[in-house]
Amino acid sequence: MRNVVIGFLGTQLDIGKRRGWRPTLSLCQNEEFPVDRLELLYDRKFSRLAHGVKRDIEQVSPDTEVMLREMNMDDPWDFEEVYTKLYDFALSYGFDEDRERYHVHLTTGTHVGQICWFLLSESRHIPAALIQTGPPRGDNEIGTFDLIDLDLSRYDALQQRFDQQTREYGDLLKAGIETGNARYNALIERVEQVAGLSDAPILLQGESGTGKSELAARIYELKLQRRRVKGRLVSVNCATLKGAAAIPVLFGQRRSFTGQPGTERAGLLREADGGVLFLDEVDQLGLDEQAMLLHALETGRYYPLGSDSEVTSRFQIIAGATRDLAELAGEGAFRPDLLSRLNLWTFRLPALRERPEDLETNLMYELARAERTLGARVGFNADARDAWLRFARAPDTPWPGNFRDFGGSVLRLCTLAPRGRITRAQVDEEIETLRRRWQAAEQDHDARLVAEVTNAPLDPFDIPQLANVIRVCRASRSISDAGRRLFAISRTQRVTRNDADRLRKYLARFDLTWSELCE
């Protein structure tokens, strides 16, 4: 393999003003690193020096082929100009890595040129290692020579340090909880990449209780450690921003608007300047507030309530949503332009029931948290622990409140544990309590759903069945599609399968029609 070196002519150093040391010439005198071809870049103003260096190299290293390449710079300290010309040089250069090894000589040229060489080599636009030379030291008459390979896989200690740092960031995002769920681990890895490198908005979607608020706080901590932000984390649940109070809370208010003392307020966007604004339940934000938020995100400016002058605030945003924002946008309940601004990076947090392999480690985490809250050591009896984990992992355990249900349940067990030991009887009682609560909540939800479409008195038997029919109808493309889903088993036993007619007759029992439910 031939060694090819690319570098700038040293307009000062290559004259030999530094104790007679000339870096380009000494580079070609290194017997341990033979230079087969030198690509020397020079400005026409220094043409005489470039040709002189070439002649001197041919004398001390006749096997080195010196190629002079004219590259004129109006300002060698202008980053844009230097990078653009070196980038164009790299694009037009015919690199042949099968036959040649490429190197960039960093010692000569301006500091701007050195930075551009590094960026182009690190990005592999120039597939080269870096060479740094220095003046002679001690018995070394030629000068020092250091080869820097940007392939970090060759530097075990560095690679291990980077891997350790990545693991530390991942542990931060997972609150130190070991997780075995592949989908969740992949999500955290991607979040770490995005949060550490980008200031773009992040949208966290998922059911209530899946940990959106906690993850947003940990993303902020990561950004703080990576020096992506300097300001504070400002959080608000948009479900609390209703009516006339929403705009002043978010955007601030001038006293002149009311004339009353104490009505001046900065607003959350102003408080988040330089930091992160977390808007939880952003799907609950009103359309007027959405429009103002979009303007603030795009321009960094907005008008506080009652003000004739704009306020400037630059912040990063994390949004949390329980409902599907794309569906809401289709229904006109969420602005499509704001959705486009927020969903550059969207992450859906899996529900607790989708992470059965993580339940045991999360149980240990909740136990430790309960101990800190109660100020006492608590543990499970072996049979109680096994019973609890079997219930937690069972496919029919819904965990509708996700980690809120999970953490609350563990805290109750720890609080009532006799002498700091959770017994099997306690676990059985807690399981029964959870089932009753979930059943009551589901029945209440079913009743509210049915009440949306009919005020007729119904037997308790009919309410959950009709509620399920309503859900299926609203999730289906047509009445025939809904019928196929609802009669999936019985339709296979019929000679004629008119699913749409069967569904119409069922709805008619309650004086309902397909159009009333779905259109």
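Treat the numbers as computed from the prediction; the structure is a model and nothing was measured. Atom set for the values below is all heavy atoms of this structure, side chains included, hydrogens, waters and symmetry mates excluded.
- Atom CZ of Arg190 has 12 or fewer heavy atoms from other residues, nucleotides or ligands within 6.0 Å.
- The pair Glu97-Arg124 meets the salt-bridge criterion, since a charged nitrogen lies less than 4.0 angstrom from a carboxylate oxygen.
- Environment of CD in Glu58: crowded, with over 12 heavy atoms of neighbouring residues, nucleotides or ligands closer than 6.0 Å.
- Using a distance-only test at 3.5 Å, with no hydrogens or angles considered, no donor-acceptor pair links the side chain of Asp146 to the main chain of Thr133.
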**Request:** Under the side chain to side chain contact (heavy atoms under 4.5 Å, CB included) rule, what do Val82 and Asp75 come out as? Steps first, then yes or no, please.
**Result:** CA-CA 8 Å; Val82 176; Asp75 182 0; over 6 Å; no
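- Annotation: salt bridge (charged side-chain N to carboxylate O under 4.0 Å, His left out) contacts involving residues 59-73, sequence neighbours excluded, comprise Arg2-Glu65, Glu39-Arg69, Arg44-Glu70.
- Remark: Thr210 OG1 to Arg353 CZ distance equals 10.0 Å, nearest 0.5 Å.
- Classification of Glu360 and Arg385 as a salt-bridged pair holds, one side-chain N sitting under 4.0 Å from a carboxylate O.
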**Ser208 and Arg404: CA distance, side-chain angles, deciding distance, side chain to side chain donor-acceptor pair (under 3.5 Å) verdict** = CA-CA 8 Å; Ser208 178; Arg404 289 196 184 98; 2.6 Å; yes
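- Counted by atom type alone, Thr322 and Glu207 present zero donor-acceptor pairs between their side chains at under 3.5 Å.
- More than 12 heavy atoms of other shown residues, nucleotides or ligands fall within 6.0 angstrom of atom CZ in Arg421.
- In this structure Phe315 satisfies the ring pair (Phe, Tyr, Trp, His ring centres under 6.0 Å) test with no other residue, sequence neighbours excluded.
- Within the 3.5 Å criterion, the main-chain N or O of Gly143 finds no donor-acceptor partner in the side chain of Ser26.
- Aromatic ring pairs are classed by plane angle as parallel below 30°, tilted from 30° to 60° and perpendicular above 60°; the pair Tyr87 and Tyr83 is parallel.
- No donor-acceptor pair under 3.5 Å is formed between the side chain of Thr24 and the backbone N or O of Asp14.
- Remark: Arg37 engages Glu100 in a salt bridge, criterion side-chain N to carboxylate O under 4.0 Å.
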**Item:** Working for side chain to side chain contact (heavy atoms under 4.5 Å, CB included), residues Leu119 and Ser121
**Value:** CA-CA 5 Å; Leu119 292 175; Ser121 299; over 6 Å; no
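- Residues Phe251 and Tyr303 place their aromatic rings such that the two centres sit no closer than 6.0 Å.
- Looking at Lys223, its side chain does come within 3.5 Å of a backbone N or O of Ala195 through a donor-acceptor pair.
- Under the 3.5 Å distance criterion, with hydrogens and angles disregarded, a donor-acceptor pair is assigned to the side chains of Asp280 and Ser213.
- Under the 3.5 Å distance criterion, with hydrogens and angles disregarded, no donor-acceptor pair is assigned to the side chains of Lys45 and Asn72.
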**Message:** side chain to side chain contact (heavy atoms under 4.5 Å, CB included), that's the test. Do Val311 and Leu269 meet it? Break it down for me.
**Reply:** CA-CA 10 Å; Val311 170; Leu269 269 66; over 6 Å; no
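- At distances below 3.5 Å, at least one donor-acceptor pair connects side-chain atoms of Asp78 with backbone N or O atoms of Glu81.
- Note on ring orientation: taking the six-membered ring where Trp is involved, the planes of Phe145 and Phe33 are tilted (angle from 30° to 60°).
- To the nearest 0.5 angstrom, Leu224 atom CG is 13.5 Å from Ile219 atom CD1.
- Residue Glu122 holds its CD atom at 10.0 Å from CG of Leu130, rounded to the nearest 0.5 Å.
- Proximity of Val282 to Leu325: side-chain heavy atoms (C-beta onward) are separated by under 4.5 Å at one or more points.
- Counting only distance, with no hydrogens or angles, the side chain of Asn3 and the backbone of Val35 share no donor-acceptor pair below 3.5 Å.
- At a threshold of 4.0 Å, the pair Asp308-Arg254 does not count as salt-bridged, since none of the basic side-chain nitrogens sits closer than that to a carboxylate oxygen.
- Under the salt bridge (Lys or Arg N to Asp or Glu O under 4.0 Å) criterion, Arg232 pairs with Glu271, not counting sequence neighbours.
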Using residues 288-298 as the side-chain source, report each donor-acceptor pair under 3.5 Å to any protein atom, sequence neighbours left out, with the distance given to one decimal.
| from | atom 1 | to | atom 2 | distance (Å) |
| --- | --- | --- | --- | --- |
| Glu289 | OE1 | Gly286 | N | 3.4 |
| Gln290 | OE1 | Arg335 | N | 2.8 |
| Gln290 | NE2 | Leu285 | O | 2.7 |

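- Looking at residues two or more places apart in sequence or on another chain, you find a salt bridge (Lys or Arg N to Asp or Glu O under 4.0 Å) between Glu366 and Arg369.
- Under a 3.5 Å cut-off, the side chain of Thr110 and the backbone N or O of Pro76 do form a donor-acceptor pair.
- Between the side chain of Arg22 and the main chain of Leu13, no donor-acceptor pair closer than 3.5 Å is present.
- There is a side-chain donor-acceptor pair under 3.5 Å between Asp199 and Gln316.
- The backbone N or O of Val4 sits nowhere less than 3.5 Å from a side-chain atom of Asp36 that would complete a donor-acceptor pair.
- The side-chain heavy atoms of Arg270 and Tyr302, taken from C-beta on, include a pair separated by under 4.5 Å.
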**Request:** Tell me, with the steps shown, if Asp88 and Lys85 meet salt bridge (charged side-chain N to carboxylate O under 4.0 Å, His left out).
**Result:** CA-CA 5 Å; Asp88 292 340; Lys85 290 189 175 178; over 6 Å; no
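- Thr179 and Asp358 share no donor-acceptor pair across their side chains, judged by distance under 3.5 Å alone.
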**Message:** Before you tell me yes or no, could you show the steps for Arg323 and Asp283 under salt bridge (charged side-chain N to carboxylate O under 4.0 Å, His left out), namely the whole-Å CA-CA distance, both residues' side-chain angles and the distance that decides it to 0.1 Å?
**Reply:** CA-CA 7 Å; Arg323 296 182 292 174; Asp283 45 312; 3.0 Å; yes
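- Closest approach of Lys174 to Arg218, counting heavy atoms only: N-NE, 4.0 Å.
- Legend: residues meeting ring pair (Phe, Tyr, Trp, His ring centres under 6.0 Å) with Phe406, ordered by chain and number and at least two apart, are Trp399.
- Between Trp345 and Ile318, every side-chain heavy-atom pair lies at or beyond the 4.5 Å cut-off.
- Of all the heavy atoms in Gly320 and Phe278, the pair that sits closest is N-CE1, 3.8 Å.
- Here the CG-CG distance, from Leu279 to Leu250, works out to 6.5 Å after rounding to the nearest 0.5 Å.
- Using modelled atom types and a 3.5 Å distance limit, the side chains of Gln132 and Thr107 yield a donor-acceptor pair.
- Ion pairing between a basic and an acidic side chain is recognised when a charged N comes within 4.0 Å of a carboxylate O; Arg226 and Glu221 show no such pairing.
- Checked against a 6.0 Å centroid threshold, the rings of Phe8 and Tyr42 do not count as neighbours.
- Classification of Asp273 and Arg314 as a salt-bridged pair fails, no side-chain N sitting under 4.0 Å from a carboxylate O.
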**Request:** Go through the steps for Met71 and Met73 under the test side chain to side chain contact (heavy atoms under 4.5 Å, CB included), then give the verdict.
**Result:** CA-CA 7 Å; Met71 182 178 288; Met73 302 278 186; 3.6 Å; yes
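- Side-chain atoms of Tyr220 do not come within 3.5 Å of backbone N or O of Val229 as any donor-acceptor pair.
- A salt bridge links Glu354 with Arg183: at least one charged nitrogen is closer than 4.0 Å to a carboxylate oxygen.
- Atom-to-atom distance recorded for Arg341:CZ and Leu339:CG is 12.5 Å, nearest 0.5 angstrom.
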